[in-house]
Amino acid sequence: MGRRGVRVAASDVPTSIHLRRSYLRERPAALPELSELDVVRHFTELSRRNFGVDTSFYPLGSCTMKYNPKVAERIASYPGFAHLHPLLPQLRMGGILTQGALEVLYEMERLLCEIVGMAAFTMQPLAGAHGELTGIMMMAAYHRHRRNHKTTVLIADSAHGTNPASAAIAGYTVASVPSDAQGGMDVQALKGMLNDQVAGLMLTCPNTLGLFNPNVREICDLIHSVDGLAYYDGANLNAIVGKVKPADLGFDIVHLNLHKTFATPHGSGGPGSGPVGVVEKLAEFLPVSTVIKRSDGTYALEYDRPNSIGYIAPFYGNFGIILRAYVYILMLGREGLERVAENAVLNANYVREKLKDYYHLPYPQVCKHECVFSAARQAERGVHALDIAKALIDRGFHPPTMYFPTTVKEALMIEPTETESKETLDAFIDAMIEIARLAETHPEQITAAPTTTPVGRLDETAAARNLNIASL
Amino acid sequence: MIDKASRYAETHEWARLEDGGMVVVGLSSFAIEQLGDVVYMELPAVGGEVTKGEALGVVESVKAAADVYAPVGGKVAAVNDAVQGDPDVLKRDAYGAGWLVKIEAADPKEYEALMLADAYEKFVQNQEQ
Amino acid sequence: MPFIANTEQQRQEMLDAIGLTAADLFSDVDASMRCGPLDMPAGMSEQAVRARLAELAGKNSINLTCFLGGGFYDHFIPAAVGALIGRSEFYTAYTPYQPEISQGTLQAIYEYQSAICRLTDMQAANASLYDGGTALYEAMMMALRVTDRNKIIIDDSVNPIYRVMIHSYTRNLKIELVETKNADGQADREAILKLLDDKTAGVIVQNPNFFGLIDDYSDLAEAAHAKGALLICSCYPTSLGILKTPGAMGADIVTGEGQSLGLPMSFGGPYLGFMATRSKYVRKMPGRIVGEATDTEGRRGFVLTLQAREQHIRRDKATSNVCTNEALCALTALVYLSLLGREGLRETAQLCADKASYAYQKLTAIKGVRPYFRAKWFFNEMVLDLPCEASGVIGRLIEKGIAAGFPLSRYYEGMDNAILIAVTEKRTKEEIGVLAEALEAVL
């Protein structure tokens with residue numbers, strides 16, 4: 001229809017060379033032909049079909065959906081950051097013109113080292129799972145350097161799927177360590193799995209049940225006894241930030257999700273940022289490049305790293321995300337970070353205690369940042385975790401994580417985060433109690449949910465069988 | 001439902017010996033129920049060799065995926081392509097029209113070593129607990 | 001305390017309500033495991049933080065005229081892009097696990113997948129990957145899975161930043177990765193055909209390549225297919241406004257860096273890795289994929305589909321470990337492409353090519369400056385041979401406020417005098433003139 005959105009600047013140069021015809025596409029790509037207002041209305045309408053932290057309570061377990069401060073968005077758009085070309089520091093005289101950005105990276109590394117107790121950090125990994133892969137690649141480099149022949153990485157059965165996937169993609173075989181009756185890693189089983197093939201172990205602490213493993217030190221010691229490395233999956237750091245440093249527990253490698261603990265927006269599924277910290281003996285394996293501070297106070301990039309695992313990202317990480325997290329840490333400061341964990345844990349325990357009479361709580365002890373219920377009781381009446389999730393939608397809440405960890409049947413994993421108020425939690429608790437009651441008296445009202453959304457439950461089976469993933 | 005005439009692997013495949021040493025293989029009703037609606041499967045090529053206990057294919061539902069392991073080793077003699085077009089046949093007729101592959105068993109002892117229906121029934125009951 | 005809702009009084013009320021003390025909450029963490037107070041500054045006010053960060057931003061250059069490219073470009077970004085992706089219903093949401101309340105994100109991803117397919121002439125695209133480099137690595141891994149082979153041939157005029165990344169990732173894997181040296185700036189057909197055999201999973205090329213040169217890889221696609229291998233092509237999406245598509249060349253997997261589609265350069269990220277393939281390979285493709293679906297009342301909607309390939313279900317057997325991708329960056333690219341539209345993207349690409357060829361004429365008219373390669377078909381980036389070392393010249397031009405280009409000696413041995421210069425639609429005739437004068441003056 002030929003409608004135009006943005007007018008492209010008029011050319012001020014002659015069209016002097018006509019490219020060879022065989023190098024050109026036959027017809028322009030069939031992109032939309034819309035006015036700017038058409039486009040704005042379309043995406044504004046789409047945005048209204050979303051839940052976000054800014055619209056609704058979003059207790060999605062293991063995802064740490066805390067409030068994303070607006071000041072960070074503002075700062076990330078400063079031209080001095082947003083318009084900076086990443087190749088500049090690689091040019092002669094170019095480093096001088098990126099001193100502010102390099103200082104952010106350097107300072108952020110120092111702050112994260114302090115927060116988790118590690119000796120060095122790389123800011124390069126572009127998401128949590130990318131950090132895992134980076135960490136496991138360093139694990140492999142360490143063993144190669146020591147001429148160890150290791151084949152296996154041990155991972156808790158309750159771990160996020162990214163753990164085994166990352167270890168496998170890095171070239172390792174994965175062995176799954178079972179949980180014990182308290183929900184933690186089974187230390188006896190772990191002992192039985194230890195041998196000199198074990199390259200290391202990946203552990204989330206607190207784990208995906210929201211439980212802190214009291215044996216975590218012993219587990220790290222056991223791994224070290226076979227010259228393995230202990231990897232800390234920082235997905236749940238929000239529970240212990242400012243309280244416990246993973247390095248003090250015996251971990252050698254840690255990745256953090258800046259989009260969880262450090263409040264950068266989740267962006268409907270990215271971009272994230274997954275920096276990785278290591279103990280001193282692993283620092284030589286960190287990716288190229290690293291930011292250094294020279295004796296004259298200026299910052300530079302160090303490329304000469306002979307034992308490094310090499311390049312894992314094109315540049316210095318998702319700088320725009322790192323910058324937002326830096327802003328967040330500066331604003332909270334030392335006492336603020338500690339309050340984060342205290343309030344995140346209080347909020348989760350408040351929900352746990354208030355709902356435990358209504359939903360089955362498989363692990364009744366004090367939890368950390370999240371609690372996991374089972375809808376097994378409701379399932380007997382034909383109301384499953386999925387139905388409860390959909391009923392919550394009708395009541396204005398984003399559902400918890402469902403059916404994970406898989407070690408709990410009908411799991412509902414609730415992570416309120418510290419940024420939520422008592423009033424919000426009370427409203428959520430009331431809704432959960434109402435749903436539990438209806439599951440007893442009028443289960444059909446729960447299984448019919450949601451009724452307030454632009455679309456109802458979608459047929460995912462048909463969607464997968466008759467695949468339509470693009471309008472061509 | 002468990003087919004009394006078949007034998008079973010711990011990984012929930014059924015196997016039935018036909019004339020001429022041919023072993024027909026499928027997934028037990030229990031396994032199919034656990035998976036949910038199957039949306040896709042990947043099966044081996046006819047003529048390929050499979051080893052007992054190793055994955056010969058994958059069955060996917062919307063929320064889960066399961067490897068199908070060869071209950072016996074040998075050459076793949078036939079593959080049931082009809083299942084791909086109508087995955088619901090697995091639910092309707094798991095032990096009949098829902099068969100997946102036929103294997104020319106290399107070693108009859110491998111078949112003999114599989115669980116009988118009664119043993120599998122107990123095995124499943126234990127798993128459910 | 002910033003960003004923490006409850007007051008001390010409310011905290012106490014909550015503790016009382018559940019019969020716990022503050023100490024109980026961490027009773028499972030032994031005292032010996034606790035750390036002392038963190039050694040870092042106290043919290044700052046928003047005003048103080050903004051002043052501090054404005055100071056840091058001010059230490060970075062913003063006034064350089066940018067002729068620096070290398071796969072990352074200074075393109076114009078319409079204001080409506082920022083306005084729309086700045087809606088917090090998009091940026092404060094997470095992965096659309098609950099389709100009923102994520103139709104905005106899901107439909108946007110479906111539209112993004114469609115736009116990438118139309119741009120590249122492919123049939124299936126994923127919801128995005130981290131960046132062009134990790135996307136290329138994932139494409140390589142995908143080719144290994146599709147073919148069940150383990151040899152990869154990669155032309156060395158593929159972005160060297162991506163090549164070093166692929167080397168890092170494959171170090172512990174049993175993959176035979178063979179690099180072929182370019183022949184006068186372009187993929188060496190003879191060398192590639194010699195290496196191409198029935199063990200080869202894929203051939204990796206780039207268009208335009210790192211030197212900015214345009215190629216038509218139809219011959220390589222045909223040769224690869226004849227041996228049962230795949231052709232993987234990394235491409236610069238803006239160039240697809242006018243250039244022959246990888247789909248038309250017969251490529252099997254297409255990847256690229258989507259930064260040029262409305263994302264600021266942001267000192268290296270966040271960027272956008274895109275990936276597209278042929279329908280028959282969709283189940284081997286990594287990353288999230290959105291598909292059309294119907295609800296119980298027959299209404300059209302969208303869901304995440306083919307999830308059984310992914311890590312949260314398949315764990316160590318997944319097609320990739322990727323979980324979080326770059327959804328907001330994909331949305332940015334979609335909004336950008338929707339605003340520019342069919343004609344706008346074509347015009348932008350044409351402008352880039354026109355301005356680059358104008359710059360080429362101005363610069364090669366300078367005494368001692370010559371084209372480095374004989375091939376003259378470039379898109380918006382060119383390699384010029386200077387009469388002296390390029391890195392020194394670049395340093396002197398930076399002092400004059402111009403980021404003139406990239407010294408190729410950094411990645412290519414023997415190319416000490418070669419400079420890679422990029423010209424986007426943002427550069428004016430006047431700026432190109434200033435570059436030419438300044439270059440002439442420092443030589």
Has A:D459 got a side-chain atom pairing as donor or acceptor with C:T294's backbone, closer than 3.5 angstrom? no
Find the one option among A:K354, A:E132, A:R74, A:Q365 whose heavy-atom pairs under 4.5 Å with chain C are most numerous. A:R74
Would A:S471 and C:S114 count as having a side-chain donor-acceptor pair, cut-off 3.5 Å? no
Any donor and acceptor pair, going by atom type alone, linking the side chain of C:D295 with main-chain N or O of A:G456 inside 3.5 Å? yes
Any donor-acceptor pair under 3.5 Å linking the side chain of C:N321 with the backbone of A:T162? no
Checking C:A248 against chain A: side chain, backbone, both or neither under 4.5 Å from a heavy atom? neither
Between C:K355 and A:D12, is there a salt bridge with N-O shorter than 4.0 Å? yes
Please check this pair: side chain of C:R315 against backbone of A:A165, looking for a donor-acceptor N/O pair closer than 3.5 Å. no
Under 4.5 Å from any heavy atom of chain A, what part of C:R34 do you find: side chain, backbone, both or neither? both
Side chain, backbone, both or neither: which part of C:V303 has a non-hydrogen atom closer than 4.5 Å to chain A? side chain
Just by distance, do the side chain of C:S168 and the backbone of A:I309 share a donor-acceptor pair under 3.5 Å? yes
Max heavy-atom pairs within cutoff under 4.5 Å with chain C, candidates A:G52, A:G5, A:G267, A:A30, goes to A:G267
C:D28/A:K368 under salt bridge (Lys or Arg N to Asp or Glu O under 4.0 Å): CA gap, chis, key distance, verdict: CA-CA 9 Å; C:D28 50 350; A:K368 293 273 82 61; 2.7 Å; yes
Between C:E326 (side chain only) and A:P271 (backbone N and O only), is there a donor and an acceptor less than 3.5 Å apart? no
Find the distance between OG (A:S47) and OH (C:Y91) and round it off to the nearest 0.5 Å. 12.0 Å
Using 30° and 60° as the class boundaries, would you call the ring planes of C:F3 and A:Y67 parallel, tilted or perpendicular? tilted
Quick check against the 3.5 Å criterion: does A:H83 have a side-chain atom that pairs as donor or acceptor with the backbone of C:P264? no
Non-neighbouring partners of C:E46 that pass salt bridge (Lys or Arg N to Asp or Glu O under 4.0 Å), sequence neighbours left out: C:R50
Heavy-atom distances under 4.5 Å only: say whether C:S391 touches chain A with side chain, backbone, both or neither. both
Cut-off 4.5 Å, heavy atoms of chain A, and the answer for C:D30 is neither
For salt bridge (Lys or Arg N to Asp or Glu O under 4.0 Å), just list the numbers for C:K59 and A:E103, CA-CA rounded to whole Å, side-chain angles, deciding distance to a tenth of an Å, and then say yes or no. CA-CA 10 Å; C:K59 290 185 185 174; A:E103 187 171 341; 3.2 Å; yes
If only side-chain N and O atoms count, and only distance matters, is there a donor-acceptor pair under 3.5 Å linking A:R144 with C:N172? yes
Nearest 0.5 angstrom please: A:L346 CG to C:I18 CD1, how far? 6.0 Å
Are C:F267 and A:F81 close enough that their ring centers fall under 6.0 Å? no
Is it true that the side chains of C:Q107 and A:R49 contain a donor and an acceptor less than 3.5 Å apart? no
Please classify the contact of C:L25 with chain A as side chain, backbone, both or neither, using a heavy-atom distance under 4.5 Å. both
Decide side-chain hydrogen bond (donor to acceptor under 3.5 Å, both in side chains) for C:T105 and A:N50; before the verdict, give the C-alpha distance in whole Å, the side-chain angles of both, and the deciding distance to 0.1 Å. CA-CA 7 Å; C:T105 295; A:N50 263 13; 2.7 Å; yes
Would A:R4 and C:E343 satisfy salt bridge (Lys or Arg N to Asp or Glu O under 4.0 Å), going step by step from the backbone distance to the final call? CA-CA 8 Å; A:R4 302 286 297 257; C:E343 283 307 307; 5.1 Å; no
Please classify the contact between C:L53 and chain A as side chain, backbone, both or neither, with a heavy-atom cut-off of under 4.5 Å. both
Verify, without hydrogens or angle tests, whether C:T92 (side chain) and A:D54 (backbone) share a donor-acceptor contact under 3.5 angstrom. yes
Short question: side chain of A:R25, backbone of C:L240 - any donor-acceptor pair under 3.5 Å? yes
Is A:Y23 close to C:K244 at the side-chain level, that is, under 4.5 Å between some pair of heavy atoms? no
Ignoring hydrogens and angles, state whether a donor on the side chain of A:N468 or C:Y110 is under 3.5 Å from an acceptor on the partner side chain. yes
So C:Y94 and A:H266, would you call those rings parallel, tilted or perpendicular, with 30° and 60° as cut-offs? perpendicular
What part of A:P450 is in contact with chain C, defined as an atom under 4.5 angstrom from a non-hydrogen atom: side chain, backbone, both or neither? side chain
Among A:C63, A:S11, A:P399, A:A140, single out the residue with the greatest number of heavy-atom pairs under 4.5 Å to chain C. A:P399
What option among A:N318, A:L337, A:V6 has the most heavy-atom pairs under 4.5 Å with chain C? A:N318
Looking at side-chain heavy atoms only, is the closest gap between A:I329 and C:M40 below 4.5 Å? yes
The ring pair (Phe, Tyr, Trp, His ring centres under 6.0 Å) partners of C:F90 (sequence neighbours excluded) come to none
Heavy-atom contact with chain A under 4.5 Å, split by part of C:R52: side chain
Using 30° and 60° as the class boundaries, would you call the ring planes of C:Y169 and A:H130 parallel, tilted or perpendicular? tilted
Stepwise, does the ring-ring contact (aromatic ring centres under 6.0 Å, His included) test hold for A:F212 with C:F26? CA-CA 9 Å; A:F212 188 87; C:F26 286 88; 8.8 Å; no
Would you say C:N60 and A:T98 are linked by a side-chain donor-acceptor pair, where the criterion is simply a distance under 3.5 Å? no
